[in-house]
Colleague: 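To start, I am sharing the structure in question, which I have written as structure tokens.
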There are 2 protein chains.
Amino acid sequence: MTTLNRPGAPDGHVCGIDAAMEVIGGKWKVLVLWALHEHPRRRFGELRRLLPGITEKVLASHLRELEADGVVHRVSYDEVPPRVEYSLTEDGKRLNDALQPLAAWGRRRPVTGGLEEGAGRSRS
Amino acid sequence: MTTLNRPGAPDGHVCGIDAAMEVIGGKWKVLVLWALHEHPRRRFGELRRLLPGITEKVLASHLRELEADGVVHRVSYDEVPPRVEYSLTEDGKRLNDALQPLAAWGRRRPVTGGLEEGAGRSRS
DNA sequence: CAGGATCCACTGGGATACTG
DNA sequence: CAGTATCCCAGTGGATCCTG
């Protein structure tokens, strides 16, 4: 367990977000999910092309973890030229749905209408 | 740019999730948000107590980033014993709302009804 | 073409000690 | 009490080379 470890939720809930974060915790995870959502049944190379900047290792490992987490489905046809297709599982689609509100929130962030704190974007 | 960097969304969307992930990307970020959501106007030490296992450094930095991102509001009264109170901004509350579906998804994960991949939780 | 194996660099996070 | 300052380690992501 390298992720969030709540000692047992003293308040009575586990919030489940940590579980979700465990799944989408990778740097490109959500984008892979997203790409798969918009381009069902994509092959490794295609996904790689869809995610400019990602390396094979990272894509491969993310895909493997996503598969292990049951949100991505992998089908490999053993043909002469190796061919593998990835797609979202039902659970993966649900995850994507659950991600929508967050996406919407993030999208309206830069120009929030009622931000009174005057906070600016500043990160490392 | 240490975060997700999409070259400009070739498909026409930025999905916004990456922006959101930037905000909640810390290990304890969501839990801090959560704690603040359930315990409005909490002080540093109290928050620390609410998040067993978190260190001062991390709590402080998360709080600072969360504040910079406009989701947490910080009020410091300069009294004799230093006193600072943290609370969620309106945007922070919206973020929390946006997090709910994800939390719900994560909560029902362990016992998914139709998981045929036979995947188990396996991480590094 | 799909990825496994390595090596490396970076940074996020933990522990501890100190200050206003 | 509410942080800040260091040091350090581990995990994660990146680049490259190599294989089925």
Side-chain angles (χ1 to χ4, degrees), chain A residues 1-7 18 21-32 35-36 41-69 72-87 122-124, chain B residues 1-7 18 21-32 35-36 41-69 72-87 122-124:
Chain A
M1 278 294 168
T2 45
T3 43
L4 302 174
N5 53 334
R6 299 254 300 201
D18 44 0
M21 289 300 286
E22 215 175 300
V23 176
I24 60 173
K27 189 172 179 181
W28 298 81
K29 290 281 182 69
V30 293
L31 295 186
V32 171
L36 243 19
R41 294 201 144 249
R42 230 56 187 181
R43 301 165 60 181
F44 192 88
E46 296 180 309
L47 282 174
R48 190 151 79 101
R49 236 161 284 126
L50 285 172
L51 288 308
I54 196 172
T55 61
E56 308 89 29
K57 176 199 173 184
V58 174
L59 178 55
S61 66
H62 278 190
L63 245 16
R64 238 181 298 118
E65 294 181 356
L66 254 15
E67 189 196 359
D69 282 324
V72 160
H73 189 212
R74 173 204 156 111
V75 184
S76 103
Y77 312 79
D78 46 307
E79 307 173 349
V80 190
R83 172 185 183 157
V84 180
E85 285 187 349
Y86 294 91
S87 53
S122 56
R123 288 286 272 186
S124 58
Chain B
M1 276 283 172
T2 45
T3 44
L4 302 175
N5 53 334
R6 298 255 301 202
D18 44 1
M21 289 301 286
E22 215 175 301
V23 176
I24 61 172
K27 189 172 179 182
W28 297 81
K29 290 280 182 70
V30 294
L31 295 186
V32 171
L36 243 20
R41 293 199 146 252
R42 230 57 189 181
R43 303 166 58 181
F44 192 88
E46 294 180 310
L47 282 174
R48 189 150 79 104
R49 234 161 286 125
L50 285 172
L51 287 309
I54 197 173
T55 61
E56 309 89 36
K57 175 196 173 184
V58 175
L59 178 55
S61 66
H62 279 190
L63 245 16
R64 239 181 295 122
E65 295 180 357
L66 254 16
E67 189 195 359
D69 282 324
V72 160
H73 189 212
R74 176 204 153 111
V75 185
S76 102
Y77 313 79
D78 47 307
E79 307 174 346
V80 189
R83 174 186 182 152
V84 180
E85 284 187 349
Y86 295 91
S87 53
S122 59
R123 288 284 272 196
S124 58

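Throughout, protein chains are lettered first and strands after them, A, B, ... in sequence-line order, and every chain is numbered starting at 1. All of these numbers come straight from a predicted model, not from anything done at the bench. Hydrogens, waters and symmetry mates are skipped; everything else that's a heavy atom, side chains included, is used.
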Colleague: Picking from D/dA2, C/dA15, D/dC17, which would you name as closest to the side chain of A/Glu56?
Modeller: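 Between D/dA2, C/dA15, D/dC17, the one nearest the side chain of A/Glu56 would be D/dC17.
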
Colleague: Using only atom types and a distance under 3.5 Å, with no angle test, would you say the side chain of A/Lys29 pairs donor to acceptor with the backbone of A/Leu66?
Modeller: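 Not a single qualifying donor-acceptor pair exists.
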
Colleague: Whole angstroms only, please: what is the CZ-P distance between B/Phe44 and C/dT19?
Modeller: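 So the two atoms are 18 Å apart, to the nearest Å.
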
Colleague: Return no unless some side-chain N or O of B/Arg43 is found under 4.0 Å from OP1 or OP2 of D/dC1.
Modeller: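 For B/Arg43, the contact criterion (side-chain N or O under 4.0 Å from OP1 or OP2 of D/dC1) is not met.
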
Colleague: Could you state the interatomic distance from CG (B/Leu36) to CD (B/Glu46), rounded to the nearest 0.5 Å?
Modeller: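 The CG atom of B/Leu36 sits 10.5 Å away from the CD atom of B/Glu46.
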
Colleague: Is the shortest side-chain heavy-atom distance between A/His62 and A/Val72 below 4.5 Å?
Modeller: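 Side chain of A/His62 against side chain of A/Val72, heavy atoms only: no contact under 4.5 Å found.
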
Colleague: Looking at B/Tyr86, I'd like to know whether one of its side-chain N or O atoms comes within less than 4.0 Å of OP1 or OP2 on D/dG3.
Modeller: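 So the side chain of B/Tyr86 is within the cut-off, an N or O lying under 4.0 Å from OP1 or OP2 of D/dG3.
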
Colleague: From the set D/dG14, C/dA2, D/dC1, return the single nucleotide nearest to any side-chain atom of A/Lys27.
Modeller: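 Nearest listed nucleotide: D/dG14.
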
Colleague: On DNA chain D, compare the nucleotides closest to A/Ser61 and A/Pro82; which residue's is nearer the 5' end?
Modeller: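 Its nearest nucleotide lies further toward 5', so the answer is A/Ser61.
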
Colleague: Could you check whether B/Arg48 gets within reach of a base, just the sugar-phosphate, or nothing at all, counting any heavy atom under 4.0 Å?
Modeller: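 No contact.
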
Colleague: OP1 or OP2 of C/dG4 less than 4.0 angstrom from a side-chain nitrogen or oxygen of A/Arg64, does that happen here?
Modeller: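 Looking at the OP1 and OP2 atoms of C/dG4, one of them is under 4.0 Å from a side-chain N or O of A/Arg64.
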
Colleague: Please determine whether a side-chain nitrogen or oxygen atom of A/Arg42 lies at a distance below 4.0 Å from atom OP1 or OP2 of C/dA2.
Modeller: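 It does not, given that no N or O in the side chain of A/Arg42 lies less than 4.0 Å from OP1 or OP2 of C/dA2.
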
Colleague: Whole Å only: how far is the NZ atom of A/Lys29 from the C1' atom of D/dG11?
Modeller: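 So the two atoms are 13 Å apart, to the nearest Å.
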
Colleague: Quickly work out the B/Arg49 CZ to D/dG3 P distance and round it to whole Å.
Modeller: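 The distance from CZ of B/Arg49 to P of D/dG3 comes to 13 Å, rounded to the nearest Å.
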
Colleague: May I have the distance from B/Tyr77 (atom OH) to D/dG3 (atom C1'), rounded to whole angstrom?
Modeller: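 Answer to the nearest Å: 17 Å.
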
Colleague: Show the nearest heavy-atom pair for residues A/Leu59 and A/Phe44, with the distance to one decimal.
Modeller: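 Shortest heavy-atom contact: CD2-O, 3.8 Å.
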
Colleague: Please report, rounded to the nearest Å, how far the P atom of C/dA2 is from the CD atom of A/Glu79.
Modeller: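 So the two atoms are 11 Å apart, to the nearest Å.
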
Colleague: Respond yes when some side-chain nitrogen or oxygen of A/His62 is under 4.0 Å from OP1 or OP2 of D/dG13, and no when none is.
Modeller: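 Yes, A/His62 has a side-chain N/O under 4.0 Å of OP1/OP2 on D/dG13.
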
Colleague: Can you tell me which nucleotide in C/dG13, D/dT4, D/dG3 comes closest to the side chain of B/Lys57?
Modeller: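 So the nucleotide nearest the side chain must be C/dG13.
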
Colleague: Choose from D/dG3, C/dG13, C/dG3 the nucleotide whose nearest atom is closest to any side-chain atom of B/Ala60.
Modeller: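 Of the options given, the side chain of B/Ala60 lies nearest D/dG3.
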
Colleague: Would you mind reading off the distance between B/Ile54 atom CD1 and D/dA2 atom C1', rounded to a whole angstrom?
Modeller: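 The answer, rounded to whole Å, is 14 Å.
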
Colleague: What's the CZ-C1' distance between A/Arg74 and C/dG3, to the nearest Å?
Modeller: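 Value for this atom pair: 8 Å.
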
Colleague: Quickly work out the B/Leu50 CG to D/dA2 P distance and round it to whole Å.
Modeller: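 About 13 Å, once rounded to whole Å.
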
Colleague: Can you tell me which residue among A/Arg43, A/Arg74, A/Arg41, A/Arg42 is in a side chain to side chain donor-acceptor pair (under 3.5 Å) with A/Glu85?
Modeller: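 By the side chain to side chain donor-acceptor pair (under 3.5 Å) criterion, A/Glu85 pairs with just one of A/Arg43, A/Arg74, A/Arg41, A/Arg42: A/Arg41.
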
Colleague: From D/dG14, C/dG3, D/dG3, pick the nucleotide closest to the side chain of A/Thr55?
Modeller: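 Side chain of A/Thr55 sits closest to D/dG14.
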
